[in-house]
Amino acid sequence: MEPIPYSCQQISEDDIAAVVAVLRAPMLTQGPEVPAFEAAFAALHGGGEGVAVANATAALHLGCLAFGVGPGDRVWTSSNSFVASANAARYCGARIDFVDIDVDTRNMSVEKLAEKLAQAAREACLPKLVIPVDFAGLPCDLAEIRALADQYGFAILADSSHAVGASYQGKPLGDFADIRVFSFHAVKIITTGEGGMCLTRDPALAARLRRLRSHGITRDAAQMTSPPPGDWYYEQIELGYNYRMTDLQAALGRSQLSQLGERHAQRIALAARYDELLQKLPLKLPVRRADRVSAHHLYVVEILSNAPEHARARVFAALRADGIGANVHYIPIHLQPDYRALGFGKGDFSVTENYYDHAITIPLFPGLSAGQQDRVIASLQRALC
Ligand SMILES: *Cc1c(COP(=O)(O)O)cnc(C)c1O
């Protein structure tokens with residue numbers, strides 16, 4: 001039988017036509033497609049400005065730089081994430097630390113964050129920036145984190161790599177973070193092959209992100225140290241990068257965006273069907289929250305067992321043997337060897353570690369058929385009984 005991947009990009013004929021049209025156009029990069037994609041993406045998220053970049057890791061790096069994060073600054077994120085969420089702060093020389101997750105949402109725990117902030121305030125070592133991660137597409141407790149940010153004076157760089165299409169309190173995810181980052185890697189909700197986006201309501205932050213994305217160069221006379229002698233002139237006024245997205249990618253992104261509503265509806269329906277059909281198995285299923293709609297990027301089940309490591313490895317192997325692309329999200333970042341070398345270790349974030357020991361991601365993507373989904377469920381059932 002055909003293997004079932006855990007995720008799979010959806011490329012339509014419209015997507016292909018959009019990319020081909022750019023190949024025939026004069027500009028392959030730095031043309032009109034990037035600003036058009038940025039505008040469409042921002043509009044879908046309730047306004048603000050989009051800044052498209054090469055990938056979400058670059059977006060996170062630029063986000064940290066835009067807030068002035070540098071050596072000696074503290075940045076906190078969630079250890080239940082892809083390594084990029086934490087690496088970005090380290091690129092800037094910052095000291096990274098983590099906040100444990102909530103046992104149900106698997107997102108950064110607001111209670112743990114509040115406790116850690118109170119202690120950090122006493123010890124005068126508050127973070128400059130917090131990077132909450134909307135794990136699996138479920139938005140974090142944004143209002144509570146915003147209130148803590150206002151109280152303690154840190155900025156919020158939200159990692160919404162999983163959350164394209166999600167909403168919170170009936171609104172798209174534009175509000176509640178100073179900068180919000182999205183990923184368009186091939187396994188994510190919409191794709192540009194590789195790609196990322198920063199979204200912000202703050203025009204000054206957007207301008208800074210744009211400049212940092214392209215070498216720290218400005219063509220705006222008002223920002224220059226001397227009057228421009230002619231139209232050729234530009235100035236590099238800070239150290240930036242080449243983190244630009246191409247027009248080929250932006251055209252693909254804009255075309256993908258036009259299919260987002262339909263694809264999101266498919267993800268919602270598939271997740272609801274898993275919820276219903278997996279109910280009787282010894283599994284903890286993803287939680288729902290009445291005040292927010294998940295993007296349903298991942299469907300993660302936790303195996304209810306007293307010997308989790310053993311049970312998880314066995315179930316994982318059984319699914320893979322049945323041709324089912326099971327996966328695990330995530331190995332806690334703080335347990336990676338490169339993070340252990342910074343002094344982190346087992347026991348530091350016990351809820352995250354315990355979750356990891358039990359977790360398996362099962363296939364979820366638009367285009368997963370009911371028959372394929374039934375095969376996943378039957379395989380899980382066999383493995384668990
Ligand atoms: C995929 C992902 C990233 C990195 O995205 P890229 O576009 O591959 O750089 C960052 N954070 C999270 C949570 C992700 O899932």
Side-chain angles (χ1 to χ4, degrees), residues 5-9 34 37-38 41 50-65 75-92 96 98-99 101 105-108 129-140 142 156-166 173 177 179-199 209 212-213 241-246 249-250 252-253 256-257 267 286 294-300 327-334 336 338-339 352 355-356 359 361 364-365:
Y6 94 87
S7 178
C8 178
Q9 74 268 19
V34 170
F37 179 38
E38 290 172 340
F41 194 86
V51 179
V53 288
N55 53 64
T57 306
L60 288 163
H61 183 195
L62 294 188
C64 289
L65 291 170
V75 175
W76 296 356
T77 187
S78 174
S79 187
N80 180 35
S81 186
F82 185 53
V83 291
S85 306
N87 288 347
R90 291 177 58 200
Y91 297 159
C92 308
I96 190 75
F98 302 95
V99 181
I101 56 170
T105 64
R106 303 146 173 181
N107 282 334
M108 181 179 283
L129 180 67
V130 173
I131 307 178
V133 180
D134 300 323
F135 178 75
L138 183 71
C140 289
L142 302 176
I156 304 174
L157 174 61
D159 186 345
S160 288
S161 289
H162 297 183
V164 176
L173 293 185
I179 297 177
R180 188 171 284 282
V181 162
F182 299 86
S183 173
F184 310 128
H185 181 271
V187 300
K188 302 287 163 67
I189 300 262
I190 64 166
T191 188
T192 59
E194 299 275 0
M197 183 82 76
C198 294
L199 192 68
L209 289 166
L212 287 167
R213 155 177 84 175
Y241 299 80
N242 180 354
Y243 279 169
R244 292 188 303 263
M245 175 183 274
T246 65
Q249 293 167 301
L252 177 55
Q256 288 257 307
L257 207 55
R267 286 181 180 273
S294 175
H296 296 288
H297 168 54
L298 302 173
Y299 196 94
V300 180
N327 219 318
V328 175
H329 296 91
Y330 283 102
I331 304 160
I333 299 173
H334 72 278
Q336 294 290 351
D338 193 44
Y339 280 79
T352 304
Y355 156 79
Y356 164 62
T361 306
L364 177 70
F365 53 89

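Indexing begins at 1, ligand by ligand and atom by atom, following the structure's order.
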Distance-only, no hydrogens or angles: does the E194 side chain make a donor-acceptor pair with backbone N or O of A54 under 3.5 Å? no
Mark up the atoms of ligand 1 that fall under 4.0 Å of a heavy atom belonging to S161, in ascending order. 2 (C), 3 (C), 10 (C), 11 (N), 12 (C), 13 (C), 14 (C), 15 (O)
With atom 14 (C) of ligand 1 as the reference point, say which of K188, H297, M197, E194 has the nearest heavy atom. K188
Could you see which bit of A56 sits under 4.0 Å from ligand 1, with heavy atoms only: side chain, backbone, both or neither? both
Of all the non-hydrogen atoms in the protein, which one sits nearest to atom 8 (O) of ligand 1, and at what distance? H185 CB, 3.9 Å
Hey, what's the ring geometry for F182 with F41, parallel, tilted or perpendicular (30° and 60° as the breaks)? perpendicular
Hey, would you say the F37 and F184 ring centroids sit under 6.0 Å apart? yes
With a 4.5 Å heavy-atom cut-off, do L173 and D134 have their side chains touching? yes
Could you tell me if any non-hydrogen atom of H329 lies under 4.0 Å from any atom of ligand 1? no
Any S81 heavy atom less than 4.0 Å to ligand 1: yes
Of the listed options V133, T57, D134, closest to atom 9 (O) of ligand 1 (non-hydrogen atoms): T57
Between D159 and ligand 1, find which residue part has any heavy-atom pair under 4.0 Å and reply side chain, backbone, both or neither. side chain
Distance from atom 15 (O) of ligand 1 to nearest protein heavy atom, with residue and atom: H162 NE2, 2.7 Å
Quick note on ligand 1: atoms under 4.0 Å from a heavy atom of G195 include exactly 7 (O)
Test side-chain contact (heavy atoms from CB on, under 4.5 Å) applied to F135 and T105, step by step: CA-CA 8 Å; F135 178 75; T105 64; over 6 Å; no
Between N107, I156, L157, which is the residue that forms a side-chain contact (heavy atoms from CB on, under 4.5 Å) with P132? I156
Quick check: does any side chain N or O of N80 sit under 3.5 Å from a backbone N or O of R106, one acting as donor and the other as acceptor? yes
Out of all atoms in ligand 1, which are within 4.0 Å of some heavy atom of S85? Include the element for each. 11 (N)
Ligand-residue contact atoms, ligand 1 with S183, heavy atoms, under 4.0 Å: 1 (C), 5 (O), 6 (P), 7 (O)
Non-hydrogen side-chain atoms of L138 and P286 separated by less than 4.5 Å: no
Are any of the heavy atoms in Y330 under 4.0 Å away from ligand 1? yes
Any chance the rings of H185 and F82 have centres within less than 6.0 Å? no
